[in-house]
There are 2 protein chains.
Amino acid sequence: MNTNFKRLPKHIGIIPDGNRRWASDQNKGKHEGYQFGIDPGFNLYELCLELGINELTFYGFTQDNTKRPKIQTEAFQKACVDAVIKLANRDANLLVIGNTDSTVFPKDLLPFANKRVSFGKGLININFLVNYGWHWDLEYSKTKERNEEGNLYNTIASSDISRIDLIIRWGGRRRLSGFLPVQSVYSDFYILDDYWPDFKSDHLYKALDWYQTQDVTLGG
Amino acid sequence: MNTNFKRLPKHIGIIPDGNRRWASDQNKGKHEGYQFGIDPGFNLYELCLELGINELTFYGFTQDNTKRPKIQTEAFQKACVDAVIKLANRDANLLVIGNTDSTVFPKDLLPFANKRVSFGKGLININFLVNYGWHWDLEYSKTKERNEEGNLYNTIASSDISRIDLIIRWGGRRRLSGFLPVQSVYSDFYILDDYWPDFKSDHLYKALDWYQTQDVTLGG
């Protein structure tokens with residue numbers, strides 16, 4: 001595929017779904033799927049660095065997800081921690097966003113939570129949603145000073161995450177599942193039926209190839 | 001197509017896009033497309049009554065849309081008014097939601113704005129977004145009494161609109177364009193390439209046929 005794109009998104013949102021279905025297909029336990037989601041994330045990161053993408057947001061896990069069986073919850077918590085430890089050896093500015101006032105938020109990620117931390121040359125902004133909840137994100141504004149002049153965007157918990165141009169979801173579901181409702185209002189959605197652990201570069205290129213044909217109107 | 005669906009959405013969101021592109025294809029002025037969007041809405045309404053759908057939300061126009069040329073703005077304002085006048089002779093509970101503190105909000109719709117009005121037998125809830133803005137909707141909570149115990153949902157301007165199960169968009173764009181960010185967090189999206197004035201019943205049936213194959217997890 002021609003990877004000279006005439007127009008690239010500045011910020012891509014990643015919904016890496018299908019880890020459990022992938023694991024079942026491999027005759028593994030569902031919880032085993034999450035570890036196989038780490039390398040795909042780094043492959044995607046490398047491709048985005050090459051392309052010069054400014055910002056990437058990964059859906060780690062949500063408050064909703066923590067209703068799942070304990071073995072799964074522990075597995076995706078561990079996968080998130082392992083991903084961050086690995087990223088700490090790369091070049092990125094990491095922002096972990098999520099509700100830290102809960103025992104399900106991994107303690108190992110507290111040093112990276114709700115403030116951006118630079119690794120290496122800081123070549124790209126990476127946002128990682130960990131114990132994130134859309135309701136928690138929007139409700140956060142209540143804890144800020146009420147200001148009639150203020151911009152709503154400045155009062156949500158995820159206010160340091162910019163508007164998302166393109167959201168790519170793996171695993172075939174055509175929904176946001178609570179992914180950053182404010183940043184997603186104008187995003188283009190690209191859905192892949194493949195499961196996230198089966199990520200290949202062609203997935204990203206197909207999404208970008210489609211994206212460059214879309215207009216950007218911001219509702220106008 | 002078999003229209004005995006095993007699972008139906010309670011609430012369907014309608015993004016009736018493509019009126020201008022349809023008009024251009026017909027060698028009409030772009031602004032002429034909007035009037036051709038009214039009958040499709042009533043065809044859809046009839047089909048949903050037959051199926052027993054509880055609630056329908058139509059995207060009329062947004063605050064963003066009013067940046068368009070005056071001839072277009074006036075045309076979609078008139079189409080919204082005409083649609084409501086026609087609906088007043090049917091059986092529905094209408095709620096018009098939008099920012100009425102603006103001259104672009106059609107005066108004729110003020111009697112129906114921001115409170116539900118019953119027509120005839122009131123067989124279905126119809127929500128109509130008129131001069132709606134996602135930012136206006138979320139910002140609205142600032143005008144309500146701040147209450148730490150309160151539910152965010154109760155404080156948004158569109159709090160009388162329930163969670164949306166299925167969003168159907170005509171005109172091929174794969175985005176929300178600011179459509180009810182809170183109610184859309186778990187919605188399934190179905191996109192049709194056809195332009196809205198070319199609506200046919202098969203579009204709805206195809207969307208419902210797809211919808212019944214989707215699971216409902218609410219992020220869990």
Engineer: Work out which heavy atom in A/Asp215 is nearest to a heavy atom in B/Arg175; give both atom names and the distance.
Structural biologist: O-NH2, 2.6 Å

Engineer: In Å, rounded to the nearest 0.5 Å, how long is the span from CZ of B/Arg174 to CZ of A/Arg174?
Structural biologist: 8.5 Å

Engineer: Quick check: are there more than 12 heavy atoms from other residues, nucleotides or ligands sitting under 6.0 Å from CG of B/Leu110?
Structural biologist: yes

Engineer: Angle between ring planes, B/Tyr186 versus A/Trp134, binned at 30° and 60°: parallel, tilted or perpendicular?
Structural biologist: perpendicular

Engineer: Please flag which part of A/Thr62 lies under 4.5 Å from any non-hydrogen atom of chain B: side chain, backbone, both or neither.
Structural biologist: side chain

Engineer: For the atom pair OG1 (A/Thr155) and CD (B/Glu139), what is the distance rounded to the nearest 0.5 Å?
Structural biologist: 7.0 Å

Engineer: Would you say NZ of A/Lys67 has more than 12 non-hydrogen atoms from neighbouring residues, nucleotides or ligands within 6.0 angstrom?
Structural biologist: yes

Engineer: Check the pair A/Leu138, B/Ile156 against side chain to side chain contact (heavy atoms under 4.5 Å, CB included), reporting the backbone distance first and the verdict last.
Structural biologist: CA-CA 11 Å; A/Leu138 298 180; B/Ile156 60 177; over 6 Å; no

